[in-house]
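In what follows, residues are counted from 1 in the order of the sequence shown. Remember, it's 1-based here, ligands and their atoms both numbered in the order they're listed. Nothing here was measured: the structure is a model prediction, and the numbers come from that model. The analysis underlying the following values was restricted to heavy atoms, covering all of them including side chains, and did not include hydrogens, waters or symmetry mates.
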Amino acid sequence: MAYDFKRITSEFEISGELLSCERYGEGHINETYLAIFDDNGKEVKYILQRINGKLFPDADKLMSNILLVTEFNRKKIIERKGDPDRESLTVIKTKDGKPYYHDEVSGGNFRVYKFITGAIAYQTVEKPEHFYESAQAFGNFANLLAEFDATKLYEVLPDFHNTVKRMGDFKNSLSKDAFGRAKDVKKEIDFVLSREEYCGRIVDLLKSGKMPTKVTHNDTKLNNVMLDEKTGKAVAVIDLDTIMPGSICYDFGDSIRFGCNTGAEDEPDLNKVNFDIDLFKTYAKGYLSALGKSVTKIERDNLAFGAILMTYECGMRFLADYLDGDVYFRTTREGHNLDRARTQFKLVSDMEKVLPEMNRIIEEN
Ligand code: ADP
Ligand code: GN1
Ligand code: MG
């Protein structure tokens, strides 16, 4: 859909003339645009997003979470003499002081962030140092949030990493089989169903209180962290839509799922998709050193399993979306979600073979 970007951006506290506004980035959830303004001869960039209305019908709650977290982080960054405009997302408010704008014409909710300059969100690990940096960034982010009052956050996507619930959703999609696709993906369906015992492990530990519930990011893939384009050092953690109570095993696991894949998340050629245990080691080192002493034994014991679980869960979600007719994740080709599901299952199989070694690596760090 084409939007009237001039009118929409004019609702926000932005000075200057809109020069261009084009699709940007590779997120699967929101519609992201790069808006460039001419402010008295100086080019200033912003990120404009149409918030995914299906997932986040209550934009007030979503943006309340993001404002609380970004303002909290901003203070911390200023205290340690950092640059808050680069090291955190900054919400640009509307002219009437709101954190998003509801556009009656398109029915969409739009938000604007300051553009984080001189930084890149990588789609794959090009250098191990980058992955190490992303681990430090997410580890530091978790540390910062440890001091944050979790009761102020809305659980905008309840049960986001409740894999038991995800399995229930998967089975619903399977029994509906709305597009008659199940018959062609029997192998993938069996892969999911034969590992159902994975689903409850972390959920049960959290429920019983044996594993602490913490404020987590919940979507810690590499392209949700910005690295300095010159030094490769971590600049900021972005994509704060999913900040909710969870387990650090989810955050650790999701980073591994995405970053330790030698191929792309949607690579159709599975020969290119392998689990890279050296990168696992790199990330474990970076993440655990940033977290320091705050990690409990039960968390450490489940970090490596968390990587299998998050990859399995994500594959299950991609496959469910394929069965549903591709309604959740943004797709750009036929069979896109199926390709994605297959990469995840290949990684799960790889990790299952080396789980003891993964656990040993965690112990050593
Ligand atoms: P989604 O929820 O769809 O994944 P994100 O918020 O992650 O959306 O944004 C998608 C991409 O846009 C990111 O991977 C990153 O490349 C870019 N991006 C998002 N926010 C900023 C920002 N403030 N500055 C620079 N780039 C950004
Ligand atoms: C989505 O928003 P994005 O592209 O960073 C999804 C994650 C999945 C990921 C798979 C809110 O992340 O849960 O792991 O795609 N986010 C949401 O790439 O569902
Ligand atoms: Mg994202």
Residue-ligand contact [X]/ligand 2, heavy atom below 4.0 Å:
X: F258; value: no
X: M310; value: no
X: T242; value: yes

(request) Would you check whether N223 has a nitrogen or oxygen atom less than 3.5 angstrom from a nitrogen or oxygen atom of ligand 1? (result) yes

Contact partition for [X] relative to ligand 2, non-hydrogen atoms under 4.0 Å:
X: F318; value: side chain
X: D241; value: neither
X: R317; value: side chain
X: K221; value: side chain

Which ligand 1 atoms, with their elements, are less than 4.0 angstrom from a heavy-atom of [X]?
X: I29; answer: 2 (O), 3 (O)
X: T32; answer: 8 (O), 9 (O), 10 (C), 12 (O)
X: H28; answer: 3 (O), 4 (O)
X: L89; answer: 23 (N)

What residue and heavy atom of the protein are closest to [atom], and at what distance?
atom: atom 19 (C) of ligand 1; value: I238 CD1, 3.7 Å
atom: atom 16 (O) of ligand 1; value: A121 CB, 3.5 Å
atom: atom 11 (C) of ligand 1; value: G25 CA, 4.0 Å
atom: atom 23 (N) of ligand 1; value: K114 O, 3.0 Å
atom: atom 1 (P) of ligand 1; value: D239 OD2, 3.5 Å
atom: atom 24 (N) of ligand 1; value: I116 N, 2.9 Å
atom: atom 10 (C) of ligand 2; value: E265 OE2, 3.3 Å
atom: atom 22 (C) of ligand 1; value: I47 CG1, 3.5 Å
atom: atom 2 (O) of ligand 2; value: I29 CG1, 3.1 Å

Of the side chain and backbone of [X], name the one, both, or neither that has a heavy atom under 4.0 Å from an atom of ligand 1.
X: Q49; answer: side chain
X: N52; answer: neither
X: N30; answer: both
X: N224; answer: side chain

(request) Determine the sole option in F138, F305, F280 for which the ring-ring contact (aromatic ring centres under 6.0 Å, His included) test with F252 is passed. (result)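 The residue from F138, F305, F280 that satisfies ring-ring contact (aromatic ring centres under 6.0 Å, His included) with F252 turns out to be F280.
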
(request) Give a yes or no on whether the backbone of D339 and the side-chain of D266 come within a donor-acceptor separation of less than 3.5 Å. (result) no

(message) Angle at the Mg ion (ligand 3), OD1 of N224 to OD2 of D239, rounded to 10 degrees, please.
(response) 90°

(message) Minimum heavy-atom separation for F275 and D350, please, with both atom names.
(response)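 Looking at all heavy atoms of both residues, the closest pair is N-OD2, 2.9 Å.
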
(message) Applying side chain to side chain donor-acceptor pair (under 3.5 Å) to T32 and Q49, what does each step give before you reach the verdict?
(response) CA-CA 5 Å; T32 303; Q49 281 182 327; 2.9 Å; yes

